[in-house]
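Every chain is numbered from 1, with letters handed out A, B, ... down the list of sequences. Fair warning: this is a prediction, and the values are worked out from it, not measured in the lab.
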Amino acid sequence: MRSPTFRIASPPLAGFLGLLSVAAAAAQTPASTAKALQGDFAVPDAPAILMLNGSESTLLRPSSAQQLTSSLASGSGDFTFIPKALGVEFSPAMVARGDHLSIGEYQANPMLYRTRVSFATGRDSTTRRSQVALAFRMSLDDQSDLRTNTDFLAAIDQLTSIKVDSLRALPLALIANHLPVVGPYTPAQQKQVDAIAKAAADSIHGAVATREAQAIAALKRARESARWNANVTDVAIGVRGSSTDSSGTQSRFDGVAAWLTKGWSVGAVSQLLVGLRGAYDRDSTGKDLRRAGDAVVRMYSGSNTYKVSLEGQAVSRASARPKWGFKLGGEFEVTKSVWVELASGWMATGASHSNFTHSVKFQLAPPNS
Amino acid sequence: MAGTPVTQTIPFDPAGGSLSVVMLAVPASPGHYSLMLLERDRSTLVKDWGNLAFSTPAENTHELPGGASVQDGRLLLAQTSIGVVDPSGACAPVMTVMQDGRTLGSLTDSAAASGDTKESQLVATLSGQGIAQ
C-alpha cells in the first residue's frame with residue numbers, strides 16, 4: 001500500500017527522486033526493499049512489460065501450463081492476431097515441470113528454472129500502432145533464490161526436521177500403546193487417543209520448544225539476509241515490434257534492449273550494485289531508431305529504522321549530451337510510522353550545465369504497509 | 001500442526017511386482033517427511049523409514065518390504081513439513097505409489113500455507129482387489 005507523503009521542497013530531478021519514492025513506499029519492510037532500491041537500473045522482473053511502458057500491476061504470472069493457457073486466452077478478447085493488452089511473465093521450465101519437480105532437481109540446474117520469459121502486447125497512444133514485446137531474463141547467480149541459498153536451506157532443514165519429529169511423536173506413542181494410528185476409533189479408543197495425544201504434545205513441547213524458537217529465528221534472519229543484500233547477477237534481453245493493426249499488417253522492428261545487474265553483498269546490511277542498460281529503439285515519435293545507454297553504481301545500507309544510499313549515474317542518448325549525476329539520500333524513522341526522506345544531488349548535462357538539488361519529504365508509513 | 005489427513009485408497013495388482021512409494025515436495029520445495037508402513041490393524045508398524053529430507057526422486061523412493069501379495073490392507077502414513085520458498089506461497093507434498101514402474105495413485109495436500117512451513121498428513125490404504133487393466 002502506498003503511504004501518504006508530504007513534500008516540502010522538490011526541485012526537478014525526476015530520475016533520482018523517483019527512486020527514493022520507491023524506497024520509501026515500503027519503508028517498514030526493509031527486507032523487501034532491496035529490489036525497489038535497485039530502481040530502474042536493476043534487470044526488471046518483466047522486461048517485456050517495461051519495453052511497452054506497461055504496468056506490472058496487471059501482469060499475469062502463471063505457474064502451470066493450465067494457468068498459462070488461460071492467461072493467453074484472457075488476453076486475446078477477440079479473434080485478432082495480437083491481443084489488445086496482455087502481460088505475461090513465467091519460467092517455462094517451472095511451468096512445464098513445477099508440479100513434479102523436486103528440490104534436488106532444481107538445485108542441479110537452477111539457471112534453467114530461474115530463466116523467465118515475459119511477453120506483452122499493447123497499443124501505442126501516440127502512433128496508435130499495436131505493439132508486442134518479448135524478453136528473456138536469466139539469473140546467473142542469485143543468492144536471493146531461497147531454493148539455493150545455503151543459509152536459508154540450513155535453517156529450513158533444521159526447522160522442518162524438528163516439526164516432523166513433533167508430528168511423529170503421536171503415531172509412535174499410539175503404536176507403543178497398541179492403538180490404531182488413524183481412525184475411526186471406538187469411543188473408548190478415542191478417549192485413550194486423546195489422552196495420549198495431549199501427553200505427547202506436552203512432552204514434545206517441553207523437548208523442542210527452545211530448539212524450534214531458535215530455528216525460527218535463524219530462518220527469519222536467513223530469509224531477510226537473502227532478500228536484502230544477496231549477491232546477484234541478472235541479465236535480460238528483449239525485442240519489440242509493432243504493426244498498424246492487431247492482425248499484424250505492416251509489421252516492423254521497433255527496438256532491442258539489454259540489461260545487466262551485478263550486486264555484491266557488503267557486510268551484513270549493505271550492497272554494492274552496478275547496473276547497465278543499453279537500447280537501440282525508436283524515439284517517442286516512432287520514426288527513428290536511436291542508441292541509448294545508462295549506467296549506475298549504487299551503494300546502499302539499511303535496517304529497520306534507516307536506509308542510506310549513494311549513487312553515481314550516467315545517461316547517454318544518441319544526438320543528445322550525456323548526463324552525469326551523483327546523489328546521496330537517506331530515510332529515517334523519526335517516530336513510529338513517521339519517516340523522513342532526505343536527498344541531495346548534483347547533475348550535469350554536457351560541460352556547461354549543472355545544478356544541485358535537494359529534497360525533504362515526510363511520509364506516514366502505516367503498520368504492515 | 002498438520003490438519004485433517006488426506007486419505008485415499010490405492011488399488012494394486014497382488015500378482016504384480018513389488019510396490020514402492022515416492023515422496024516429493026512441490027514446486028521444488030525443501031523440507032522433511034516421515035514415512036511409516038502399518039499393518040491393516042492400523043496399530044502394528046511394519047516399517048518406519050524415519051525422518052528424512054526431501055531431495056531427489058531417486059533418494060525419496062522407498063520400496064515396501066515383502067512382495068505385492070502381502071500389502072493388501074496395509075496403510076502408508078506420511079507426515080510432512082515443507083518450507084515455503086515459492087514466491088506464490090504454493091507448496092504441497094505428493095505421495096505416489098508405484099508398481100512395476102507404473103503409477104498407481106497419488107495423494108497431495110493442496111491447502112494453502114500460512115507461515116514459513118506447511119505441515120500435512122497423507123494416508124494411503126493399499127487395496128489388493130486388483131486394478132483396471
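- Residue Val123(B) touches chain A through its side chain alone, counting heavy-atom pairs closer than 4.5 Å.
- Across all non-hydrogen atoms, the minimal contact from Val164(A) to His32(B) is CG2-O, 3.4 Å.
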Step-by-step side chain to side chain contact (heavy atoms under 4.5 Å, CB included) determination, Arg147(A) to Asp86(B): CA-CA 8 Å; Arg147(A) 290 181 170 103; Asp86(B) 198 75; 2.8 Å; yes
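- Atoms CZ and OG1, on Phe54(B) and Thr160(A) in that order, are 8.5 Å from each other to the nearest 0.5 Å.
- Considering every non-hydrogen atom in both Val26(B) and Gly98(A), the closest pair reads CB-O, 3.6 Å.
- Ser55(B) contributes no side-chain N or O that, together with a main-chain N or O of Gly104(A), makes up a donor-acceptor pair within less than 3.5 Å.
- Of all heavy-atom pairs spanning Asp157(A) and Ala53(B), the tightest one is OD1-CB, 4.1 Å.
- Proximity of Ser102(A) to Asn60(B): side-chain heavy atoms (C-beta onward) are nowhere separated by under 4.5 Å.
- Atom CG of Leu101(A) and atom OG of Ser29(B) lie 9.0 Å apart (nearest 0.5 Å).
- Interface remark: Ile82(B) contributes backbone atoms only to the contact with chain A (heavy atom separation under 4.5 Å).
- Counting only heavy atoms from C-beta outward, the side chains of Ser43(B) and Val181(A) never approach each other to under 4.5 Å.
- Note: Leu172(A) CG to Asp48(B) CG = 6.0 Å, rounded to the nearest 0.5 Å.
- Between chain B and the options Ala108(A), Ser161(A), Ala155(A), the largest number of non-hydrogen pairs under 4.5 Å is found for Ser161(A).
- Distance check: Ser81(B) OG to Leu159(A) CG gives 6.0 Å after rounding to the nearest 0.5 Å.
- Comment: Lys220(A) does not engage Asp116(B) in a salt bridge, judged by the lack of any side-chain N to carboxylate O separation of less than 4.0 angstrom.
- For Gln79(B) against Leu167(A), the heavy-atom pair with the smallest separation is NE2-O, 3.0 Å.
- If you tally non-hydrogen atom pairs under 4.5 Å between each of Ser34(B), Gly83(B), Ala58(B), Ala90(B) and chain A, the highest count goes to Ser34(B).
- Val182(A) is not listed as a side-chain neighbour of Thr7(B), based on a closest heavy-atom distance of 4.5 Å or more.
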Side chain to side chain contact (heavy atoms under 4.5 Å, CB included) evaluation trace for Leu24(B) with His100(A): CA-CA 7 Å; Leu24(B) 187 61; His100(A) 52 274; 4.2 Å; yes
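- Looking at every heavy atom in both residues, Phe152(A) comes nearest to Val84(B) through CZ-O, 4.4 Å.
- The residue among Ala92(B), Ala25(B), Pro5(B), Pro57(B) with the most heavy atom pairs within less than 4.5 Å of chain A is Pro57(B).
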Evaluation steps, side chain to side chain contact (heavy atoms under 4.5 Å, CB included), between Ile175(A) and Thr44(B): CA-CA 6 Å; Ile175(A) 289 166; Thr44(B) 303; over 6 Å; no
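- By the 4.5 Å heavy-atom criterion applied to side chains, Arg42(B) and Leu179(A) are not counted as neighbours.
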